[in-house]
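Quick notes on the structure that follows.
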Amino acid sequence: MMDKQDKIQITSSLHKEISTQALIDGKKFLILTEEIDPRKHHLTTKVYLGGKILMTRDVECAHILNAPDAEKRLAELIHRQHKILLGMLKADHEQKVKKPSDYLDEIKILLQKKNLKKALDLLLAALEQYPDEPFLLSYYGCLEAIINKNHAYGIEVCLSAIRICDEKMPFGHEIFYPTFYLNLGRAYLAARKKKEAVAAFQKGLTYDRENKDILWEMRKLGVRKRPLVPHLKRANLINKYIGLILHRLGKSGP
């Protein structure tokens, strides 16, 4: 996590050190410019972690050595260098921190490889960092029900993921529903609740009529897509005709 506060300490004498202490993700960094000598034409600043030097940065200062306010200007120059180095440390940390989408990409690959246990372990690590991320919760609830047989808990987590999605993304969140209802349906299947699973899959199909994963689950259960006109039989000419038109338009029914 980011540091709660960057402590900056500046001395008033050119012959003493100027230091910045920073706490980033629990690691204590020291940015130090020491042995400031007006006779030198450059200043050297070092970054330490645990007593080891991580990086060194030199800056020219000859242009301000003879100025009447040289001490003040040197201190300001060093302070700017410390800010630059502190920014570099933070940027490096942010690049190393995984985003929810990074975790999800890895999890999906693991699921494709049928490595469910490793996917669940990765989800637990991701949720430590993003405990309220709905996509992570949805996959976690599904796998918790499938792998650990915690059916009631897994189903509730999947449902809570949908509720959180509604709260966090009130506009346009419907495009994510197929994934949420796919995971919920699979959690129901793990609990041998076929009726509830089918209802969840059908709910997902109302948002994405051609979702391949949901259709695959429905076919495995022996459930066909609902007729385009529900109160008419599937074989009715109206349903067949509408289906043919939608097929030619590149669409299909629910």
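Quantities reported herein were computed from a predicted structural model and do not represent experimental measurements.
- Nearest heavy-atom pair across Cys158 and Gly141 is SG-C, 3.7 Å.
- Cluster membership check: Ile109 does not share its hydrophobic cluster with Leu116, using side-chain heavy-atom separations under 4.5 Å among Ile, Leu, Val, Met, Phe, Trp and Tyr.
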Original post:
When you look at Arg80 and Val59, which way does the side chain to side chain contact (heavy atoms under 4.5 Å, CB included) test go after all the steps?
Top reply: CA-CA 11 Å; Arg80 285 198 299 272; Val59 59; over 6 Å; no
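- Side-chain heavy atoms closer than 4.5 Å link hydrophobic residues (I, L, V, M, F, W, Y) into clusters, and following such links, possibly through other members, connects Leu30 to Ile53.
- Smallest separation of non-hydrogen atoms from Gly154 and Glu144: CA-CB, 4.5 Å.
- Remark: Lys220 engages Glu217 in a salt bridge, criterion side-chain N to carboxylate O under 4.0 Å.
- Of all the heavy atoms in His151 and Ala190, the pair that sits closest is NE2-O, 3.0 Å.
- Rounding to the nearest 0.5 Å gives a distance of 10.5 Å between NZ of Lys98 and CG of Asp105.
- When side chains are defined from C-beta on, Ile107 counts as touching Leu136, because their heavy atoms get closer than 4.5 Å.
- Between the side chain of Asn183 and the backbone N or O of Phe180, no donor-acceptor pair lies under 3.5 Å.
- When side chains are defined from C-beta on, Val157 does not count as touching Asn150, because their heavy atoms never get closer than 4.5 Å.
- Taking the side chain as every heavy atom from C-beta outward, Leu43 and Gln81 never approach each other to under 4.5 Å.
- Grouping the Ile, Leu, Val, Met, Phe, Trp and Tyr side chains by contacts below 4.5 angstrom, directly or via other members, places Leu32 apart from Leu77.
- Closest heavy-atom contact between Ala22 and Leu86: CB-CD1, 3.4 Å.
- Judged by distance alone, with hydrogens and angles left aside, the side-chain atoms of Asp69 form no donor-acceptor pair with the main-chain N or O of Lys72 at under 3.5 Å.
- The CG atom of Leu111 lies 5.5 Å from the CG atom of Leu143; values are rounded to the nearest 0.5 Å.
- Under the 4.5 Å side-chain heavy-atom criterion for Ile, Leu, Val, Met, Phe, Trp and Tyr, Ile84 and Leu49 are members of the same hydrophobic cluster.
- Distance CG/Leu85 to OG1/Thr33: 8.0 Å, rounded to 0.5 Å.
- Among all heavy-atom pairs drawn from Ile146 and Lys149, the shortest one is O-NZ, 3.3 Å.
- Between Arg186 and Leu182, the closest side-chain pair of non-hydrogen atoms falls below 4.5 Å.
- With sequence neighbours left out, Tyr207 forms a ring-ring contact (aromatic ring centres under 6.0 Å, His included) with Tyr177.
- To the nearest 0.5 Å, atoms CG (Leu123) and SG (Cys142) are separated by 9.5 Å.
- The NZ atom of Lys27 sits 10.0 Å away from the CD1 atom of Ile24 when rounded to the nearest 0.5 Å.
- Nearest heavy-atom pair, Ser19 versus His82, reported as atom, atom and distance to 0.1 Å: CA-CE1, 3.8 Å.
- Proximity of Leu120 to Tyr140: side-chain heavy atoms (C-beta onward) are separated by under 4.5 Å at one or more points.
- Contact check for Pro100 versus Phe135: no side-chain heavy atoms found under the 4.5 Å cut-off.
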Original post:
Passes side chain to side chain contact (heavy atoms under 4.5 Å, CB included), Tyr153 versus Asn148? Steps please.
Top reply: CA-CA 10 Å; Tyr153 173 67; Asn148 293 332; over 6 Å; no
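- Tyr181 and Trp216 fall into different hydrophobic clusters, where Ile, Leu, Val, Met, Phe, Trp and Tyr side chains are chained together by heavy-atom contacts under 4.5 Å.
- Atom CD1 of residue Ile18 and atom CD of residue Glu76 lie 10.5 Å apart, to the nearest 0.5 angstrom.
- Judged by distance alone, the side chains of Tyr103 and Glu133 never bring a donor and an acceptor atom under 3.5 Å apart.
- Shown here are the side chain to side chain donor-acceptor pair (under 3.5 Å) partners of Lys118, two or more places apart in sequence or in another chain: there are none.
- In this structure, Met218 and Leu205 have side chains that are in contact, with non-hydrogen atoms separated by less than 4.5 Å.
- Within the structure, the side-chain hydrogen bond (donor to acceptor under 3.5 Å, both in side chains) test picks out no pair touching residues 187-198 (sequence neighbours left out).
- Counting only heavy atoms from C-beta outward, the side chains of Tyr139 and Thr179 approach each other to under 4.5 Å.
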